[in-house]
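Data block below; observations after.
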Amino acid sequence: MVAPPVVSGQSAADTPPARRRDVRGTLLRVVLAAAGGVLVFLSFPPRTTWWLAPVGFAVLGVLLHGRRARAGFGLGVVWGLAFMAPLLRWTGEFVGLIAWLPLALLCAVLIAVGTAAIAVVSRLPGAPLWMALVWVADEALRAVVPFGGFPWGKIAFGQPEGWYLPLASVGGAPLVGFAVALTGFGAAHLGRNWRLGAAAVVLPLAAGVAASALVHTDPDQGTATVAAIQGNVPRAGLDFNAQRRAVLDNHVKRTLQLADDVRAGRAARPDLVIWPENSSDIDPFRNVDAAAQIQRATEAIQAPIAVGAVVIDQDDKLPRNTVVLYEPGAGATDTYTKRQLQPFGETMPYRSFFRIFTETVDRAGTFQPGTDPRGFSMGPAKVAIDTCYEVAFDGVVRDSVTAGANLIAIPTNNATFGYTEMTYQQLAMSRVRAVEHGKAVVVAATSGVSAIVQPDGSVTARTGMFTADALVATLPLRGEATLATRLGAWPEWVMTALGLMAVAFSLTTKRRRSRPTPGAGVGEEETDGGPAGAA
């Protein structure tokens with residue numbers, strides 16, 4: 001029988017009930033996907049509601065189960081955008097929407113690639129396991145593309161307070177992210193197979209609690225008294241570089257004040273001092289006065305100082321984000337150059353193309369990366385240096401640690417992001433790295449938040465934002481390598497490979513099921529994996 005034609009201008013009352021239900025169902029799924037993404041955002045610092053992350057994954061798991069890859073992609077874009085847009089709000093603090101929303105959308109699309117694959121494996125036996133493994137693969141993808149990767153938003157970086165954190169000492173940030181995702185996807189599976197779902201919920205949490213026995217804080221190589229100097233900047237914003245001399249003077253002044261406190265017995269004498277990234281954007285190798293001021297502070301405190309500086313290379317005349325080691329009586333003795341540069345900040349990929357949209361791209365620098373991961377010997381400590389953005393990259397931090405470090409320093413500059421949550425998100429990364437590698441971490445920021453982090457990830461001292469301050473603490477020096485340090489990227493590679501194999505297996509099985517059976521009736525319809533495959 002021929003269906004009646006659709007009349008133009010047909011009222012909503014005349015719309016078939018099935019279609020209305022389908023529209024309402026789609027809208028409900030979109031709203032739930034957005035809610036799930038927001039829950040994961042709310043699990044990140046400065047909030048301590050780490051348990052919201054598995055809830056957000058549970059919502060995602062319910063939405064993706066049995067869906068086609070296309071539906072998984074669409075729902076993933078919504079979930080990812082609801083997660084990433086508020087998380088990355090700091091990127092547009094002084095440049096507006098042109099940086100913030102395109103970056104959030106790009107991250108959401110990359111997440112959606114993963115959720116499309118998660119939907120594919122959601123029909124497999126043991127689905128929560130395969131879904132969580134695919135999530136690890138997606139995070140691995142986002143850590144390398146585009147423009148060298150943007151791992152900001154790794155689920156592990158929202159877990160410095162949670163029960164999952166000790167797992168970082170076993171398999172690094174990827175294992176923490178896997179455990180969180182597995183818990184959430186397991187909860188989503190409770191209604192289908194409660195035994196499997198319960199196991200997927202309980203085991204990651206139990207493993208996190210058990211792994212706490214592997215987190216050590218004993219000083220197997222002695223101790224060192226460390227000072228982190230936060231000199232502050234005259235004002236927040238992109239033009240802070242125009243205040244270069246004032247920023248340098250602020251850090252000299254705060255170090256001299258600490259030296260006075262030491263002489264008066266109000267503070268312990270530090271064995272080493274960490275200044276922030278960009279604490280001297282005046283090249284001390286070209287400016288005699290800047291070098292003299294830094295040396296003045298070094299002599300006053302009578303301890304080596306690691307100074308974040310912008311140095312112009314004598315060969316190619318291009319700038320380098322460099323930490324310079326100054327020592328009493330010796331001056332500048334060593335350097336470390338930042339290896340993982342921030343695209344659209346320190347570098348500008350496809351500058352001429354992006355200039356079509358905004359001239360703001362010309363604010364981005366032409367910095368050149370370093371190649372040597374070795375840090376400094378400072379007093380009794382061997383210090384790994386990971387400058388600002390580098391702390392987000394698993395391999396960069398590990399390389400600096402395996403170069404022989406027993407302490408980690410994170411000099412950073414967050415002044416260009418104002419009073420946003422960026423500094424708290426970055427501090428959370430430092431806390432994860434402390435547990436991952438079993439090392440105390442010193443975070444020195446120009447304008448805050450600077451912090452002292454113990455090897456178990458706990459913060460024992462921190463500054464406020466946009467205040468001048470100095471933190472002094474005696475920290476354990478630990479040479480013992482954690483299992484995560486020894487294994488390096490292997491846990492992530494194995495989990496990624498297993499996740500991709502599950503996707504390939506699911507697609508192959510689906511293709512076999514949809515292939516026509518020889519001798520089958522001509523009138524039989526092909527299905528997309530049976531009723532469960534209907535989107």
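Note that the structure is a prediction, hence the values are computed from the model and not measured.
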Provide the closest heavy-atom pair for [X] versus [Y] in the form atom of the first, atom of the second, distance.
X	Y	result
Trp100	Leu88	CD1-O, 3.2 Å
Thr115	Gly72	OG1-O, 2.8 Å
Gly171	Ala484	N-CB, 4.0 Å
Ile118	Val134	CG1-CG1, 3.6 Å
Thr420	Phe417	OG1-O, 2.8 Å
Ser447	Asn232	CB-OD1, 3.8 Å

Which of these passes side-chain hydrogen bond (donor to acceptor under 3.5 Å, both in side chains) with Asn413: Asn321, Asn278, Thr387?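 For Asn413, the side-chain hydrogen bond (donor to acceptor under 3.5 Å, both in side chains) check succeeds only for Asn278.
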
To the nearest 0.5 Å, tell me how far [X] [atom1] sits from [Y] [atom2].
X	Y	atom1	atom2	value
Trp490	Leu483	CH2	CG	14.0 Å
Asp399	Thr371	CG	OG1	11.5 Å
Trp130	Leu498	CH2	CG	6.0 Å
Met495	Leu175	CE	CG	5.0 Å
Arg142	Met84	CZ	CE	4.5 Å
Ile452	Thr460	CD1	OG1	6.0 Å

For Arg462, does the CZ atom sit with more than 12 other heavy atoms under 6.0 Å from it, leaving out its own atoms?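 Result for CZ/Arg462: open.
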
Heavy atoms from other residues, nucleotides or ligands near NZ of Lys154 exceed 12 (cutoff 6.0 Å):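 Yes.
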
Using the side chain to side chain contact (heavy atoms under 4.5 Å, CB included) definition, which of the options Thr255, Ile305, Val472 pairs with Ile229?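 Of the listed residues Thr255, Ile305, Val472, the side chain to side chain contact (heavy atoms under 4.5 Å, CB included) partner of Ile229 is Thr255.
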
So [Y] and [X], do their side chains get closer than 4.5 Å, heavy atoms only?
X	Y	answer
Val170	Pro491	no
Met378	Asp271	no
Trp90	Gln425	yes
Arg67	Arg29	yes
Arg398	Pro373	no
Leu182	Pro128	yes
Leu427	Val453	yes
Phe376	Val323	yes

Show your working on side chain to side chain contact (heavy atoms under 4.5 Å, CB included) between Glu492 and Val136 and close with a plain yes or no. CA-CA 7 Å; Glu492 183 178 47; Val136 174; 4.3 Å; yes

Please verify the inter-ring angle class for [X] with [Y]; under 30° counts as parallel, over 60° as perpendicular, anything in between as tilted.
X	Y	answer
Trp163	Trp50	tilted
Phe57	Phe185	perpendicular
Trp275	His251	tilted

Exam field: side chain [X] to backbone [Y], donor-acceptor pair closer than 3.5 Å:
X	Y	result
Thr322	Thr337	no
Ser279	Val307	no
Thr496	Trp493	no
Arg320	Lys338	no
Gln230	Asp469	no
Asn406	Gly479	no
Ser506	Val503	no
Thr482	Thr485	yes
Glu346	Gln342	yes
Thr49	Leu42	yes

Checking Phe150 against Tyr389 for the side chain to side chain contact (heavy atoms under 4.5 Å, CB included) test, could you report, in this order, the C-alpha distance in whole Å, the side-chain angles of both residues, the deciding distance, and whether it holds? CA-CA 10 Å; Phe150 186 69; Tyr389 188 58; 3.5 Å; yes

Within 45° cone and under 6.0 Å: Arg89 NZ/CZ vs Trp152 ring: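 Judged by the rule (NZ or CZ under 6.0 Å from the ring centre, within 45° of its axis), Arg89 is not positioned above Trp152.
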
Run the side chain to side chain contact (heavy atoms under 4.5 Å, CB included) check on Val449 and Val443 step by step: do they pass? CA-CA 8 Å; Val449 171; Val443 180; over 6 Å; no

Would you please say whether a donor-acceptor pair under 3.5 Å links the side chains of Tyr336 and Ser400?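 There is no such pair (donor and acceptor under 3.5 Å, judged by atom type) between the side chains of Tyr336 and Ser400.
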
Are a donor atom and an acceptor atom from the side chains of Thr423 and Asn414 found within less than 3.5 Å of each other?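 Result is yes, a qualifying pair exists.
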
Among residues two or more places apart or on two chains, list those pairs meeting salt bridge (charged side-chain N to carboxylate O under 4.0 Å, His left out) that have a residue in residues 158-179.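 Salt bridge (charged side-chain N to carboxylate O under 4.0 Å, His left out) check on residues 158-179 returns Glu161-Arg431.
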
Less than 4.0 Å between a side-chain N and a carboxylate O, is that true for [Y] and [X]?
X	Y	result
Asp386	Arg433	no
Arg47	Glu421	yes
Arg339	Asp372	no

Identify every side-chain donor-acceptor pair in residues 203-217 under 3.5 Å, counting partners at least two apart or on other chains, and give the distances.
| unit_1 | atom_1 | unit_2 | atom_2 | d |
| --- | --- | --- | --- | --- |
| Ser212 | OG | Val209 | O | 2.5 |
| His216 | ND1 | Glu480 | OE1 | 3.4 |
| His216 | NE2 | Ala213 | O | 3.4 |

Phe83/Ile155 under side chain to side chain contact (heavy atoms under 4.5 Å, CB included): CA gap, chis, key distance, verdict: CA-CA 11 Å; Phe83 167 32; Ile155 295 302; 4.3 Å; yes

